[in-house]
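Comments concern the structure below.
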Amino acid sequence: MLAKFPSLFDGDVMNAETKSKWADAVYQAIVTMASQANIEADLPRPVVLTPPKPELGDIAIAMFAYSKAFHKAPAALASAVREALMADPSSPKGEILIEGGYLNVRLGLADLAMQLFTQARTEGFGHTSSLKGRRIMVEFSCPNTNKPLHLGHMRNDSIGSCVARLLKACGADVRKVNLINNRGVHICKSMLAYQKFSKGEDPASSGIKGDHLVGEYYVKFANWAKEDPTAEAQAQEMLEKWEAGDPETIALWTRMNGWTLDGLEESYKAMGISFDKYYYESNTYKLGKDKILEGLAKGVFTREEDGSVQVDLAPIKLDKKVLLRRDGTSLYITQDIGTAIARHEDWPFDTLIYVVASEQIYHFKVLFYILGLLGFDWAKSLYHLAYGMVYLPDGRMKSREGTVVDADELLRQLTEMALEEIRKKDREGELDDAARTAHYVALGAINYYLLQVNPMRDMTFNPAESLSFTGNSGPYLQYMGARLSSILKRYEGSLDGFDPSLLTLDDERSIIKALASYPDVLDKSAESYDPSLLCTYVFELSKVFSHWYHDTQILKAETAELSKARVGLCLMLLETFKSAYEIIGIPFLEEM
RNA sequence: GCGCUCGUAGCUCAGUUGGAUAGAGCAACGGCCUUCGAAGCCGUGUGUCGAAGGUUCGACUCCUUCCGGGCGCACCA
């Protein structure tokens, strides 16, 4: 049976090591041929790719680039290179085929498979060392304390968590940090509404989760402000009281912040999100203020006639930017300056990644520039990982108009759908805890859904159709894991004497090659801070596995040795899937 | 106006530092459960890769211009 996945691993699949070995050998041959023929030209290193069809070989090297210098057709050149390689006993091993203008190589995969098999059974499988020794801080989530999490936060949290795990898998020392936006006039709005309209209820007495309760008052404020033109001024007044340390205001603030934070914590826990450290804007904004005054003293910033402190952004082709208001109070950017400095003092990092929506690209450009002006050489190691908006079919989510997709509610609905699915399939009796399984299915579905799209792209969330449990979805992937687990559980022999040379089917070869490329996918995904690469990889690997599984007898193969070899392949697949799922945020399920 | 970003099948998205006939999932229709889990597998697609130029042996990919969507350019966060 022919594998029909031409798109499968068109990409950088064969591991980089094998590819570069062949590239070197071919390059050497070309260079030698050139000098023998007295050809003087800039000869580029060859382009190595993967042929579109498995029968064309495992590696393809394009000869087009040399055609001109040699005045020879690419195919003739390929033949000449083949002669040279075959005459040289030190050439890498493989069968060379000439196809069109390409020199293709068909590899013996048994050694590779054996190596993978050994690795799959050792601790730390699925990790690389490309970022070993690097200290990387990742900031994400950063909620306000006036409302619960919504779908936009979920994309942020999924990306942030996944990138942190990716970096860790590549050997980096990673620290996840959150920044709680707990001060400012918007926070005062829900407090004010609570003061005016509540009868002293709290989460316990109302039975409403804290973040949702506070969010209700934020909405109440918005409605009230429509009627009463003094509402905004009253909120501003409350902010001034807060900044002055008015005990009553601070007490209310502490109380309501606590409710929200408890609620957010509960949501994080349900979504499997965690942080190594929390920062609070209420604690860092003063430091930012001090640093700006220091900068002013150093002459980096200027005080304008009206008393405000500004920075001239002409060197980066932008206007002036206010850093301290004329009344001396701080702004958003003031706080971020303080927070960044505090973080570097806490934990000197090599890189700090801010996972923040793309609408704030300008803000971070300015922030990084200012930190550089202040003389922090680590400013150049700051990186804004911008991601696109999540739209609904009818447009953008708007908190004030109530068109947000609430995170808790979404997770609840998905869990319910998953449980329904379990019941429909009559699996409830087979599971230890169907409700917990349903929850994990829901988590896998949402994380995979949010991560399979390139971060930079805006995406549309269609609640009705988008989160299917079939096809290219989290649950599909989990299902692969469950089937593999099931096979390994049923296999009664030992895997000693595993013989990879028996794995000769096209699908088996495809799987081995794909497995070998896993570390490269991880590195690339981590390097570009792009979880979608890893998502695409696991999905395509799942598809070949599924195809192979459907057509191939594993436990009852023709011979016991062949069964052993195939079960061994299943083991490698399972370990690779487990590793990838963990990084993406798809809970691994032995049964579902 | 300036800047950033995106534009690939009805919908949601992939597309390897330019490479061999542009791919998946969903939706639709039709097959496959007395064989390792059917959340599965197989089949059915006339896409101006937003448009036009350019560079190249070769362009969805790079450059230029234009068109369209989104975001930003606050003493808001």
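Within every chain, numbering begins at 1; the chains are lettered A, B, ... in the order of the sequence lines, protein sequences first and strands thereafter.
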TODO: Tell me which nucleotide among U21(B), G72(B), G40(B) gets nearest to the side chain of E359(A).
DONE: G72(B)
Task: Residues in side chain to side chain contact (heavy atoms under 4.5 Å, CB included) contact with E240(A), at least two apart in sequence or another chain - done: Q236(A)
TODO: Check every strand shown and say whether I422(A) touches a base, only sugar-phosphate, or nothing at a heavy-atom separation below 4.0 Å.
DONE: base
Open item on the list: Strictly below 4.0 Å: does Y476(A) bring a side-chain N or O up to OP1 or OP2 of A24(B)?
Closed with: no
Task: Partner residues of Q553(A) under the side chain to side chain contact (heavy atoms under 4.5 Å, CB included) criterion, sequence neighbours left out - done: K556(A)
Open item on the list: With a 3.5 Å cut-off and heavy atoms only, can you find an N or O donor on one side and an acceptor on the other between the side chain of D319(A) and the base of A74(B)?
Closed with: no
Open item on the list: For Watson-Crick and G-U wobble pairs within 3.5 Å on both distances, what is RNA chain B written in dot-bracket notation, | included for inter-strand pairing?
Closed with: (((((((..((((.....[...)))).(((((.......))))).....(((((..]....))))))))))))....
TODO: Taking only Lys NZ, Arg NE, NH1 and NH2, and the carboxylate oxygens of Asp or Glu, determine whether E420(A) and R423(A) approach each other closer than 4.0 Å.
DONE: no
- [ ] From the options A77(B), G15(B), A20(B), select the nucleotide whose nearest atom is closest to the side chain of L533(A).
- [x] G15(B)
- [ ] Have a look at M592(A) and say if it touches a base, only the backbone sugar-phosphate, or nothing, with a 4.0 Å heavy-atom cut-off.
- [x] base
Open item on the list: For a quick check of understanding: with a heavy-atom distance under 4.0 Å over all strands, which category does Y491(A) fall into, base, sugar-phosphate or nothing?
Closed with: nothing
- [ ] Using a strict 4.0 Å threshold on nitrogen-to-oxygen distance, state whether R427(A) and E421(A) make a salt bridge.
- [x] no
Task: Partners passing salt bridge (charged side-chain N to carboxylate O under 4.0 Å, His left out) against K489(A) (at least two apart in sequence or in another chain) - done: E590(A)
Open item on the list: Classify Y332(A) by what it touches in the nucleic acid, base, sugar-phosphate, or nothing, heavy-atom distance under 4.0 Å.
Closed with: base
- [ ] Write down the distance between CG (D458(A)) and P (G68(B)), rounded to a whole number of angstrom.
- [x] 18 Å
TODO: Would you kindly check if the NZ (Lys) or CZ (Arg) of R483(A) is within the cone defined by 45 degrees around the ring axis of Y549(A) and under 6.0 Å from the six-membered ring centre?
DONE: yes
Task: Sugar-phosphate, base or nothing in reach of F461(A), heavy atoms under 4.0 Å - done: nothing
Open item on the list: Among A14(B), G72(B), A39(B), which nucleotide has an atom closest to any side-chain atom of P475(A)?
Closed with: A39(B)
Open item on the list: Base, sugar-phosphate or nothing for E430(A)? Non-hydrogen atoms, less than 4.0 Å.
Closed with: nothing
Task: Short side-chain N/O contact from R483(A) to OP1 or OP2 of A38(B), under 4.0 Å - done: yes
Task: Presence of donor-acceptor pair under 3.5 Å, side chain of Q452(A) and base of U12(B) - done: no
Open item on the list: Need one value for R326(A): base, sugar-phosphate or nothing, where a base atom within 4.0 Å counts as base even if backbone is also close, heavy atoms only.
Closed with: base
Open item on the list: If I take atom CD in residue E421(A) and atom C1' in nucleotide A38(B), what distance separates them, rounded to the nearest angstrom?
Closed with: 12 Å
- [ ] Quick one: list whatever passes salt bridge (charged side-chain N to carboxylate O under 4.0 Å, His left out) with R566(A), sequence neighbours left out.
- [x] E508(A)
TODO: Just call it for A60(A): base, sugar-phosphate, or nothing, with non-hydrogen atoms closer than 4.0 Å on any strand.
DONE: base
Each nucleotide N or O in nucleotides 1-5 of chain B that has a protein N or O under 3.5 Å away: list the pair and distance.
none

Restricting to nitrogen or oxygen on both sides, can you table the protein-nucleotides 56-58 of chain B pairs closer than 3.5 Å?
| from | atom 1 | to | atom 2 | distance (Å) |
| --- | --- | --- | --- | --- |
| C57(B) | OP1 | K68(A) | NZ | 2.6 |

TODO: Kindly say if T470(A) contacts the phosphate of C26(B), meaning a side-chain N or O under 4.0 Å from OP1 or OP2.
DONE: yes
Task: Side-chain ion pair, E527(A) and K524(A), N-O less than 4.0 Å - done: no
N/O donor to acceptor pairs below 3.5 angstrom from side-chain atoms of residues 282-289 of chain A, sequence neighbours left out:
| from | atom 1 | to | atom 2 | distance (Å) |
| --- | --- | --- | --- | --- |
| S282(A) | OG | N182(A) | OD1 | 3.4 |
| S282(A) | OG | N182(A) | ND2 | 2.9 |
| T284(A) | OG1 | T339(A) | OG1 | 3.0 |

- [ ] Please identify each residue that fulfils ring-ring contact (aromatic ring centres under 6.0 Å, His included) with H363(A), with sequence neighbours left out.
- [x] Y332(A)
Task: Length of the CG-P vector between L367(A) and A77(B), whole Å - done: 14 Å
- [ ] Indicate, with a heavy-atom threshold strictly under 4.0 Å, whether Q553(A) touches base, sugar-phosphate, or nothing.
- [x] base
Open item on the list: Base, sugar-phosphate or nothing for S546(A)? Non-hydrogen atoms, less than 4.0 Å.
Closed with: sugar-phosphate
Task: With D211(A) via salt bridge (charged side-chain N to carboxylate O under 4.0 Å, His left out) - residues at least two apart - done: K209(A)
Open item on the list: What contact category does T460(A) fall into here, base, sugar-phosphate, or nothing, at under 4.0 angstrom with non-hydrogen atoms?
Closed with: sugar-phosphate
Open item on the list: Please enumerate all residues that pass salt bridge (charged side-chain N to carboxylate O under 4.0 Å, His left out) together with D24(A), with sequence neighbours excluded.
Closed with: R45(A)
Open item on the list: Categorize N454(A) for me: base, sugar-phosphate, or nothing, with a 4.0 angstrom heavy-atom threshold over every strand shown.
Closed with: sugar-phosphate
TODO: Answer with base, sugar-phosphate or nothing: what part of the nucleic acid does N104(A) contact at a heavy-atom distance below 4.0 Å?
DONE: base
Task: Between U16(B) (C1') and E527(A) (CD): distance, integer Å - done: 14 Å
Task: Candidates A77(B), C13(B), C73(B) - which lies nearest the side chain of Y362(A) - done: C73(B)
Residues 445-454 of chain A, side-chain donor-acceptor partners within the protein, below 3.5 Å, at least two apart:
| from | atom 1 | to | atom 2 | distance (Å) |
| --- | --- | --- | --- | --- |
| N447(A) | OD1 | S158(A) | OG | 2.7 |
| N447(A) | ND2 | G585(A) | O | 2.9 |
| Y448(A) | OH | N472(A) | OD1 | 2.5 |
| Y448(A) | OH | C535(A) | O | 3.4 |
| Y449(A) | OH | T460(A) | O | 3.0 |
| Y449(A) | OH | S466(A) | OG | 3.1 |
| N454(A) | OD1 | M456(A) | N | 2.9 |

